[in-house]
Amino acid sequence: MTYDYIVIGAGIVGLSTAFKILEKSPHVKIVVLEKEDGAARHQTGNNSGVIHSGIYYTPGSLKALNCRKGYRLLLDYCDKKEIKYDLCGKVIVATNIGEVQRLEGLYERGIQNGLEGMKLLSPAEIQEREPGCSGVKGIFVPQTGIIDYKQVCKALEKDIITAGGEIIYNYKVSAISEKPDNIFVTDGSREYLGKKLITCAGLYSDKIAEMTEGKVDVRIIPFRGEYYKIQSTKSFVNHLVYPVPDPAFPFLGVHFTRMIGGGIEAGPNAVLAFKREGYKKTDISLPELLDIFGWKGFRSVMAKYWKTGLGEFYRSYRKKAFVKALQKLVPAISGVDLVPGGAGVRAQACHANGKLVDDFYIIERRNIMHVCNAPSPAATASLAIGEYLAEKVISK
Ligand SMILES: Cc1cc2nc3c(=O)[nH]c(=O)nc-3n(C[C@H](O)[C@H](O)[C@H](O)COP(=O)(O)OP(=O)(O)OC[C@H]3O[C@@H](n4cnc5c(N)ncnc54)[C@H](O)[C@@H]3O)c2cc1C
């Protein structure tokens, strides 16, 4: 089984990469290897379904550049494939005077990142757009939308296969070895041989990278994001409603999201998961936990963020605390309006010095590229990341 390109991981980044390689080099032989029995089983299939505008990211960063470019590529692709999306816009709300400066900073950042049509909102204008919402100042971001990324993956799968690519499910890569011109990938029983390798393994991206690089300078820390569904018939929000994020933490804070399939979700929080694919509070993997706690970078993260981390745990176990965070945005919501929803686990890379990796992070060497950090907004940005990886790997 010999291929020009092997891609590991059938999340939205791996599929977009395979799709873009085939778009640019239609006659190559390519295979995507995925350990689950279908695509988008992890981060991609359990995310908030938001098409991010690009307002948050440091200008010039890979996140900022790929979010804006990926946004346009995604909408074009969805138009072509008739995948439903809704650019319903979002409101970011400062709930106290202390947050106003950071909110205004976000507005400036949005301008630097090329967003047009944003509007600063007075308290009355917030209420006009979101009658249930209270705040001292807000930003309306018209570009933000909602979508089901599983549908995008379905279309990508189909396109890859139509273009002659292969996707092999139930294939868990357990080792990778190299000879001068070839890379051998195995699950312990079947072997695939490729000339070039791109790995997009999400929650296991560091482990897969270590298979060819020995030790790598990042480790994935899994942060579970838990959601509640709003069960009430009351419509609490018209758009998406977000708080001003804590700049020290790479997550956006619990927010309200209208879903493309109907209904509203509240969340996600960001709780340390005791297993990389730990979707439930009771999911624990001792070897994975020891591995994370053994990483000196994680211990530094704990030293820095222990207070925030404990707060997230408290909010995870105490619905009242979760509701309290939501009430800052929408005072009328109460516990009876919320029922537990699903959860997703974020793959957040962390450096050995305890810095959470903020930007997308790719390790490349010769004919190998490892995507080692592709957190939000990587679903929005996926086609741009795929294009970037495809161009790089084709030119190698
Ligand atoms: C709770 C949550 C909310 C989010 N909300 C948004 C949002 O609204 N908008 C947005 O743009 N982004 C959002 N994100 C981020 C976005 O979902 C991710 O950045 C994106 O899905 C990453 O895609 P991926 O393909 O890199 O990873 P994944 O989707 O996790 O895919 C990685 C794949 O690799 C496979 N794999 C791992 N190890 C192996 C192995 N050994 N052998 C074979 N296969 C392997 C896995 O099974 C998996 O299918 C959110 C993420 C989370 C968790």
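Computed from a prediction, not measured in an experiment: that's the story for all the values here. Reckoned from all heavy atoms, side chains included, excluding hydrogens, waters and symmetry mates.
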Notebook entry, point to check: Would a 4.5 Å heavy-atom cut-off, applied to side chains only, mark Pro377 and Tyr57 as touching?
Noted result: yes
Item checked: Any side-chain heavy-atom pair of Leu197 and Met211 under 4.5 Å -> no
Next item on the list: Assess Arg346 against Phe251: is NZ or CZ under 6.0 Å from the centre of the six-membered ring, and within 45 degrees of the ring's axis?
Entry: yes
Next item on the list: Could you verify whether a donor N or O on one side chain and an acceptor N or O on the other, from Asp283 and Ser285, lie under 3.5 Å apart?
Entry: no
Checklist line | Under 3.5 Å donor-acceptor, Arg224 side chain and Gly278 backbone | finding: yes
Note to self: Once ring-ring contact (aromatic ring centres under 6.0 Å, His included) is applied, what residue pairs with a partner in residues 22-55 remain, sequence neighbours excluded?
What the structure shows: His42-Tyr279
Check: Is a salt bridge present between Arg315 and Glu226, judged by a nitrogen-to-oxygen distance below 4.0 Å?
Finding: no
Notebook entry, point to check: Linking Ile, Leu, Val, Met, Phe, Trp and Tyr by side-chain heavy atoms under 4.5 Å, what else ends up with Leu193?
Noted result: Phe184
Checklist line | Where at least one partner belongs to residues 84-95, residue pairs that pass salt bridge (Lys or Arg N to Asp or Glu O under 4.0 Å), sequence neighbours excluded | finding: Asp86-Arg258
Notebook entry, point to check: How would you list all residue pairs meeting ring-ring contact (aromatic ring centres under 6.0 Å, His included) that involve residues 76-118, not counting sequence neighbours?
Noted result: Phe19-Tyr77
Check: Under 3.5 Å, is there a donor-acceptor pair between the side chain of Asn353 and the main chain of Lys355?
Finding: yes
Note to self: Could you work out, with ring-ring contact (aromatic ring centres under 6.0 Å, His included) as the rule, every residue matching Tyr5, not counting sequence neighbours?
What the structure shows: none
Notebook entry, point to check: Sequence neighbours excluded, which residues qualify as salt bridge (charged side-chain N to carboxylate O under 4.0 Å, His left out) partners of Glu99?
Noted result: none
Notebook entry, point to check: Do side-chain atoms of Glu128 reach the backbone of Glu125 as a donor and acceptor pair under 3.5 angstrom?
Noted result: no
Notebook entry, point to check: Under the 4.5 Å side-chain heavy-atom rule for ILVMFWY, direct or indirect, which residues accompany Leu290?
Noted result: Leu286
Check: Glu364 versus His370: any side-chain heavy-atom pair under 4.5 Å?
Finding: no
Notebook entry, point to check: Which atom names give the shortest non-hydrogen contact between Ala40 and Cys153, and what distance separates them?
Noted result: CB-SG, 3.9 Å
Item checked: Audit row: Tyr388, Thr17, side chain to side chain donor-acceptor pair (under 3.5 Å) steps and yes/no -> CA-CA 8 Å; Tyr388 173 83; Thr17 304; over 6 Å; no
Notebook entry, point to check: Do Tyr242 and Thr257 meet the criterion of a side-chain donor-acceptor pair at a distance under 3.5 Å?
Noted result: no
Check: Got a salt bridge between Glu178 and Arg366, using NZ or NE/NH1/NH2 to carboxylate O under 4.0 Å?
Finding: yes
Notebook entry, point to check: Does the side chain of Asn46 come under 3.5 Å of the side chain of Tyr227 through a donor N or O and an acceptor N or O?
Noted result: no
Next item on the list: May I ask you to list the residues sharing a hydrophobic cluster with Ile126, side-chain cutoff 4.5 Å, ordered by chain and number?
Entry: Val91, Val93, Leu121, Phe140, Tyr228, Ile230, Phe236, Val237, Val241, Val254, Phe256, Ile264, Phe322, Val323, Leu326, Leu329, Val330, Ile333, Leu338
Note to self: I'd like to check the side chain to side chain contact (heavy atoms under 4.5 Å, CB included) partners of Lys172; sequence neighbours left out, ordered by chain and number.
What the structure shows: Lys35
Checklist line | Qualifying ring-ring contact (aromatic ring centres under 6.0 Å, His included) pairs, either residue in residues 193-219, two or more places apart | finding: none
Check: Quick one: salt bridge (Lys or Arg N to Asp or Glu O under 4.0 Å) pairs with a partner in residues 49-70, sequence neighbours left out?
Finding: Lys63-Asp358, Lys69-Glu387
Next item on the list: Please list all pairs passing the salt bridge (Lys or Arg N to Asp or Glu O under 4.0 Å) test where one or both residues lie in residues 148-169, with sequence neighbours left out.
Entry: Lys81-Asp159, Asp148-Lys150
